[in-house]
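These notes concern the structure reproduced below.
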Amino acid sequence: MRYSKLLIPTLKESPADAEVISHKLMVRAGMIRQMAAGIYSILPMGLRVLRKVEQIIREEMNKIEGQEVFLPSIQPAELWAESGRWDFYGKELLRFKDRNNREFCYGPTHEEVITDIVRREVKSYRQLPIILYQIQTKFRDEVRPRFGIMRGREFTMKDAYSFHTTEESTHETYSSMSSAYSKIFKRCGLDFKMVEADSGTIGGNFSHEFVVLANSGEDCIGFCDSCDYASNLEKAATKTLSTNIKSPLLEELKEVTTPNKKSIEQVTQFLQVSPKKLIKTIVFETDQGLVAGLVRGDRQINPIKLKNLIDCEWLIPASEELITKTTGLPCGYLGPVEIKLKIFADKEIPLMSNSITGSNKVGIHLTGVQFKRDLNVEKVGDIRNANEGDPCPKCDPGKFKIKRGIEVGHIFILGKKYSESMQALYLDAQGKEKPIIMGCYGIGVGRTAAAAIEQNHDEKGIIWPPSIAPFQAIILPVNFSDDAVNSAAKEIYKSLWELGVETLLDDRSERLGVKFKDAELLGIPLQIVVGPKNLGEGKIEIKLRKNNESQLILFPEEISHIPSILSKL
RNA sequence: CGGGGCGUGGCGCAGCCUGGCUAGCGCACCUGCUUUGGGAGUAGGGGGUCGGAGGUUCGAAUCCUCUCGCCCCGACCA
């Protein structure tokens with residue numbers, strides 16, 4: 001490809017609305033342009049990268065006998081009604097009507113469609129297991145799209161679905177899928193972790209995420225510094241150490257005035273106590289009504305764990321307005337003693353004594369609160385976030401570390417959730433009808449590319465891992481109007497393509513500095529500088545983007561060495 | 001959805017508070033000449049309903065009202 005003919009609109013300055021480095025660099029390198037919030041056009045350089053990622057995914061999916069399909073992005077409402085998600089999915093599902101007033105949605109995911117295909121076409125246990133996958137455009141009308149292609153509303157996703165007759169078969173595929181995922185992300189040159197995860201709205205009970213470590217990531221993952229336990233923080237278990245302290249004298253309940261002291265900080269400062277003495281009461285709105293969650297004052301409540309403990313369909317933090325309406329109190333003085341809500345407590349709470357809580361009266365807190373004596377708790381469980389330095393839940397000496405990351409892949413076992421609601425049944429060897437067991441597996445294609453930039457860049461621009469670089473090499477003629485340089489550059493270009501190296505020829509009449517800047521911004525792994533000086537000595541210069549190292553090689557004899565230089569990167 | 005910010009040639013911005021000639025600057029773009037081993041110099045040139053609508057005024061990018069869009073901070077997800 002000749003640079004002068006390609007649409008590579010590079011920018012010297014970052015667009016003002018880009019926040020994270022991958023977004024800035026993708027725009028600057030002319031890979032993407034924004035159309036609307038969370039909706040992007042992918043330009044030639046960007047598409048080349050996405051196609052590389054897709055190809056790697058395809059190869060690994062095919063290796064585990066995945067079969068590629070292409071499902072409709074526009075899906076009828078009836079199908080979603082069958083699974084129950086038409087009502088459940090909320091505003092994130094983009095809905096619209098056709099000319100006949102029939103309701104449709106733009107697919108945010110494809111469980112319904114694939115389950116429909118399989119229930120129609122797969123009837124016998126002999127046809128199972130089967131893995132089907134596609135690489136498709138999804139649309140999720142996110143509350144807050146951001147960070148460019150990393151969290152768009154429209155995005156490309158590889159989604160795979162597997163169908164089984166037994167749990168064992170499901171787990172087998174799950175594990176081959178997880179190793180395929182590991183290979184994919186390794187091949188994309190990413191530093192990632194596979195972590196335990198909550199299965200979210202899709203449901204199921206066995207789930208892992210593939211998280212690329214990056215400070216700009218929106219996810220927090222916790223992992224043990226001594227064993228291999230790693231988990232999304234929203235799921236990460238906490239271990240509660242049993243206290244050996246002799247039970248202290250149990251105080252009686254006492255009211256203390258705490259005028260205008262609402263936050264944990266204010267109260268602890270005012271009463272001169274550690275936040276560990278406080279019990280935090282947080283009210284959530286759920287499909288089962290308002291509930292209160294209790295954690296120690298220095299802890300963060302984890303809504304996902306709470307949701308699982310309550311076993312409710314949905315849960316959101318209650319608005320102050322709603323709280324006031326229900327309890328007659330402003331936030332800040334709520335307490336678990338004699339409150340008229342169902343109470344769910346973290347497992348640390350029963351170990352506390354002589355605690356301090358809100359009193360459900362304005363300006364007053366209670367001291368001497370005892371779990372057994374004073375609280376009427378519905379259920380106790382793990383509902384707090386794990387913290388850095390917490391003991392590992394899996395091993396003894398281990399301590400928890402927390403890092404930020406970008407979720408690029410997610411695998412989970414769905415079980416019979418969709419096959420039961422949508423009647424996807426097969427006949428077993430005895431001729432008995434049974435629901436199919438399912439698994440589902442996703443990879444964000446664009447997000448993977450963005451994550452690769454987050455991990456591989458410097459102040460000059462992107463440093464693509466060669467496997468997903470838009471081009472592997474770029475020829476930079478020092479002066480393209482010099483005949484010797486011109487013809488040498490063309491010869492190198494031709495030879496490299498013949499050797500299977502995807503090469504870009506910068507045939508623009510720009511000065512060398514400009515070409516360097518663009519090559520660096522674009523992140524092409526190998527630069528080949530062709531100039532009259534070196535050419536006079538029968539040499540050309542090759543330079544690595546990664547570390548700026550350069551060497552002279554003989555021209556034309558050593559052009560054939562270039563593929564092996566690339567493969568060592 | 002709540003809170004904050006911003007909309008001025010393709011990109012980055014100034015001008016707005018305190019209304020006043022033809023709306024500026026840098027980069028990019030086009031033409032000529034020179035230049036060509038790290039974002040060239042020079043001389044010309046093209047391109048803007050100042051997000052939109054309404055209002056105030058002799059006069060609006062500037063003031064007022066409404067509206068649309070985008071970005072950032074919090075609950076969701078590949």
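This one's a predicted model, so the numbers in the text were calculated from it and none came from an experiment. Proteins come first, then strands; the chains are lettered A, B, ... in the order of their sequence lines, and each starts at number 1.
As rounded to whole Å, 9 Å separates atom C1' of A78(B) from atom CZ of Arg151(A). Between Met177(A) atom CE and A78(B) atom P the separation is 15 Å, expressed in whole Å. Rounding to whole angstrom units, CD of residue Glu234(A) and P of A75(B) are separated by 11 Å. What separates CG of Leu233(A) from C1' of C77(B) is a distance of 16 Å, to the nearest Å. Met35(A) has its CE atom 13 Å from the C1' atom of G69(B), to the nearest Å. Between the CE atom of Met26(A) and the C1' atom of C11(B) there is a distance of 19 Å, rounded to whole Å. What separates CZ of Arg404(A) from P of C77(B) is a distance of 17 Å, to the nearest Å. One atom, CD of Glu142(A), and another, C1' of C70(B), lie 17 Å apart when rounded to the nearest Å.
Separating the P atom of G51(B) from that of C13(B) is a span of 15 Å, rounded to the nearest Å. Here the separation of C11(B) from A28(B), taken at their C1' atoms, is 7 Å to the nearest Å. Atom C1' of C63(B) sits at a distance of 22 Å from the matching atom of G24(B), rounded to the whole Å. One C1' atom belongs to U18(B), the other to A61(B), and the distance between them is 15 Å to the nearest Å. Remark: the separation of the P atoms in U34(B) and C72(B) is 48 Å, to the nearest Å. The separation of G4(B) from U65(B), taken at their P atoms, amounts to 16 Å, rounded to a whole angstrom. Atom C1' of U56(B) sits at a distance of 34 Å from the matching atom of G12(B), rounded to the whole Å. For the P atoms, the distance from G39(B) to U22(B) is 42 Å, rounded to whole Å.
The side-chain contact (heavy atoms from CB on, under 4.5 Å) test with Phe185(A) is passed by exactly one of Asp191(A), Ile57(A), Ile56(A), Ile443(A): Ile443(A).
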Residue pair Leu6(A), Leu504(A): steps toward the side chain to side chain contact (heavy atoms under 4.5 Å, CB included) verdict: CA-CA 10 Å; Leu6(A) 278 173; Leu504(A) 187 55; 3.4 Å; yes
Chi angles and distances behind the side chain to side chain contact (heavy atoms under 4.5 Å, CB included) call for Arg85(A), Tyr418(A): CA-CA 10 Å; Arg85(A) 291 207 290 183; Tyr418(A) 293 92; 3.0 Å; yes
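Scanning atom types as modelled, one donor and one acceptor separated by under 3.5 angstrom connect the side chain of Asp219(A) and the base of C77(B). For G37(B), its base sits under 3.5 Å from the side chain of Asn534(A) at one donor and acceptor pair at least.
Listed here is the closest heavy atom pair of Leu521(A) and Leu11(A): CD2-O, 4.0 Å.
Side-chain proximity of Val143(A) to C1(B), G37(B), A78(B): nearest is C1(B). Closest contact between the side chain of Glu13(A) and the listed nucleotides A78(B), G26(B), C70(B) involves G26(B). Comparing A78(B), C13(B), C70(B) by their nearest atom to the side chain of Ala16(A) picks out C13(B). Checking C71(B), U36(B), A75(B) against the side-chain heavy atoms of Val478(A) singles out U36(B) as nearest. Distances from the side chain of Ala37(A) to the nucleotides G37(B), C77(B), C70(B) place C70(B) closest.
Nearest-nucleotide positions on RNA chain B place Phe480(A) closer to the 5' end than the other of Phe155(A) and Phe480(A). Residues Gln34(A) and Gly409(A) both approach RNA chain B. Their nearest nucleotides, taken by heavy-atom distance, put Gln34(A) toward the 5′ side.
For the pair Gln136(A) and A78(B), the criterion of a side-chain N or O lying under 4.0 Å from OP1 or OP2 is not met. Distances shorter than 4.0 Å separate some side-chain N or O of Arg144(A) from OP1 or OP2 on C72(B). In this model, the phosphate group of C73(B) is approached by a side-chain N or O of Arg146(A) to a distance below 4.0 Å at OP1 or OP2.
For U57(B), there is no paired nucleotide, since no Watson-Crick or G-U wobble pair has both relevant distances below 3.5 Å. Nucleotide G7(B): paired with C68(B) (Watson-Crick or G-U wobble, both distances less than 3.5 Å). Under the Watson-Crick or G-U wobble criterion, with both distances below 3.5 Å, G74(B) is paired with C1(B). Searching all strands for a Watson-Crick or G-U wobble partner of C21(B) with both distances below 3.5 Å returns nothing. Taking a pair to require two hydrogen-bonding distances under 3.5 Å in either a Watson-Crick or a G-U wobble arrangement, U42(B) pairs with G32(B).
Using bins of under 30°, 30° to 60° and over 60° for the plane-to-plane angle, the ring pair Phe192(A)/Phe210(A) lands in the tilted bin.
When heavy atoms are screened at a 4.0 angstrom cut-off, Pro15(A) is found touching the sugar-phosphate backbone but no base atom. Base contact: Gly531(A) has a heavy atom under 4.0 Å from a base atom. Within the nucleic acid shown, Glu218(A) has no heavy atom closer than 4.0 Å to any nucleic acid atom. Among the protein residues, Thr156(A) comes within range of no part of the nucleic acid, since none of its heavy atoms lies under 4.0 Å from any strand. Contacts of Glu520(A) with the nucleic acid, taken as non-hydrogen atoms under 4.0 Å apart, include base atoms. Ala36(A) comes within 4.0 angstrom of the backbone, heavy atoms only, and of no base. Residue contacts shown for Val445(A) are absent, as no nucleic acid heavy atom lies under 4.0 Å away. Heavy atoms of Gly152(A) sit under 4.0 angstrom from at least one base atom.
Residues satisfying the side-chain hydrogen bond (donor to acceptor under 3.5 Å, both in side chains) test with Asp141(A), not counting sequence neighbours, are Arg153(A).
Taking the ring axis of Phe155(A) as reference, the NZ or CZ atom of Arg447(A) does not stay both within 45° of it and closer than 6.0 Å to the ring centre.
Residue Asn215(A) qualifies as open at atom CG: its count of foreign heavy atoms under 6.0 Å is 12 or below. Crowding of Arg51(A) atom CZ: a count of heavy atoms from other residues, nucleotides or ligands under 6.0 Å not exceeding 12. Within 6.0 Å of CD on Gln300(A) lie no more than 12 heavy atoms contributed by other residues, nucleotides or ligands.
Side-chain polar atoms of Gln134(A) and Asp159(A) form a donor-acceptor pair below 3.5 angstrom.
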Atom pairs, protein N/O to nucleotides 39-44 of chain B N/O, distance under 3.5 Å:
unit_1: A40(B); atom_1: O4'; unit_2: Arg511(A); atom_2: NH1; d: 3.4

